[in-house]
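These notes are about the structure you will find just below.
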Amino acid sequence: MTTSPDPAAMRLAIEASRMAVAAGDRPYGAALAAPDGEVLLVERNRQHTANDSTAHAEMVLVREAEARLGAASLQGATVYASGEPCAMCAGAMFWAGVARVVYAAPQPALALMQGGPLLPARCADLLGHAQPPVRVEGEFLADEALAVLRETSTTPPRDSP
């Protein structure tokens, strides 16, 4: 009997979200797994520390995978995201050839907890209608990911550079 790599890979993404908070960034992480389930790379949000508004965890993951592992590493891969990917990240994963996205915390819950600007485009709506479509599975271990956000909401935010 084989076990799914999903729980372990998602927990790596959630742990990366904790690392992002510790570094002064927003609480998001992402992990890249090859089609066989092997985790190839884990990255975190770097918006504040990189002074880059596009440095969402999934964007950093795609960029680093291409730079370190080659573009082929993303073809047919799965991305595990601690939060539902935004439209920008969904587009980047599509163009990179990612075949499957699994996210933990859903966008409506993230918006409710964090407030601020909202781009209300759901990942499954964007990627499910793409050609070729990308499989999107959501709210996997959402409570664990949302716990990181709850922890950070009680911590005063660090100033961005």
Side-chain angles (χ1 to χ4, degrees), residues 6 9-10 12-21 23-34 39-142 145-146 148-149 152-153 157-161:
D6 291 352
M10 183 59 80
L12 288 171
I14 294 169
E15 182 56 32
S17 74
R18 280 190 177 85
M19 292 169 56
V21 171
D25 287 301
R26 297 189 65 178
Y28 298 103
L32 175 69
V39 175
L40 303 173
L41 189 63
V42 179
E43 284 293 342
R44 64 175 179 80
N45 182 291
R46 295 178 188 274
Q47 286 178 277
H48 296 304
T49 55
N51 198 27
D52 178 357
S53 61
T54 68
H56 294 192
E58 301 90 340
M59 293 291 290
V60 174
L61 186 78
V62 167
R63 290 176 187 148
E64 288 298 311
E66 288 178 341
R68 290 190 213 170
L69 308 171
S73 66
L74 292 151
Q75 297 295 310
T78 297
V79 170
Y80 296 87
S82 65
E84 183 176 357
C86 72
M88 174 183 69
C89 294
M93 291 184 290
F94 171 77
W95 292 114
V98 169
R100 179 175 172 240
V101 175
V102 181
Y103 68 85
Q107 189 184 82
L110 297 172
L112 184 65
M113 291 180 80
Q114 293 191 312
L118 176 64
L119 182 61
R122 300 298 303 267
C123 187
D125 294 339
L126 294 168
L127 295 177
H129 293 96
Q131 290 301 318
V134 176
R135 198 165 103 209
V136 177
E137 299 170 26
E139 300 192 42
F140 182 70
L141 301 180
L146 289 168
V148 176
L149 275 96
T152 61
S153 67
R158 288 179 55 174
D159 291 333
S160 58

What one should report as the nearest heavy-atom pair of Ala109 and Leu146 is CB-CD2, 4.0 Å
Any donor-acceptor pair under 3.5 Å from Gln47 side chain to Asp52 backbone: no
Nearest 0.5 Å, please: how far is CH2 in Trp95 from CG in Leu74? 15.0 Å
Arg44/Tyr28 under side chain to side chain contact (heavy atoms under 4.5 Å, CB included): CA gap, chis, key distance, verdict: CA-CA 6 Å; Arg44 64 175 179 80; Tyr28 298 103; over 6 Å; no
Under 3.5 Å donor-acceptor, Asp25 side chain and His48 backbone: yes
Going from CE on Met10 to CG on Leu141, what distance comes out if it is rounded to the nearest 0.5 angstrom? 6.0 Å
Compare all side-chain heavy atoms of Pro106 with those of Arg122 and state whether any distance is below 4.5 angstrom. yes
Considering all heavy atoms, the nearest Gln107-Pro120 contact: OE1-CA, 3.5 Å
What is the distance from atom CZ of Phe94 to atom CD of Gln131, rounded to the nearest 0.5 Å? 8.0 Å
Main-chain N/O of Gly29 paired with Ser82 side-chain donor or acceptor, under 3.5 Å: yes
Please examine the side chains of Asp6 and Arg100, heavy atoms only from C-beta on, and report whether any two atoms are closer than 4.5 Å. yes
Measuring from atom CG of Leu12 to atom CE of Met19, what distance do you get when rounded to the nearest 0.5 angstrom? 10.0 Å
Answer yes or no: is there a donor N or O on one side and an acceptor on the other, between the side chain of Glu84 and the main chain of Cys123, under 3.5 Å? yes
Name the residue from Glu58, Glu66, Met59 that meets the side chain to side chain contact (heavy atoms under 4.5 Å, CB included) definition with Val62. Glu66
Looking at every heavy atom in both Ala16 and Ala30, which two are closest together, and how far apart are they? CB-N, 4.4 Å
I need the minimum non-hydrogen distance between Gly70 and Ser73, along with the two atoms involved. O-OG, 2.7 Å
Of the non-hydrogen atoms in Ala31 and Val42, which two are nearest, and what is the gap between them? CB-CG2, 4.0 Å
For residues Pro27 and Val21, report the shortest heavy-atom separation together with the two atoms involved. CB-CG2, 3.4 Å
Flag, side chain of Gln75 to backbone of Ala96, donor-acceptor distance under 3.5 Å: yes
Out of curiosity, Thr54 OG1 to His56 NE2, how far, rounded to the nearest 0.5 Å? 7.5 Å
Glu43/Arg68 under salt bridge (charged side-chain N to carboxylate O under 4.0 Å, His left out): CA gap, chis, key distance, verdict: CA-CA 12 Å; Glu43 284 293 342; Arg68 290 190 213 170; 3.2 Å; yes
Does the side chain of Met93 reach to within under 4.5 Å of the side chain of Val136, using non-hydrogen atoms? no
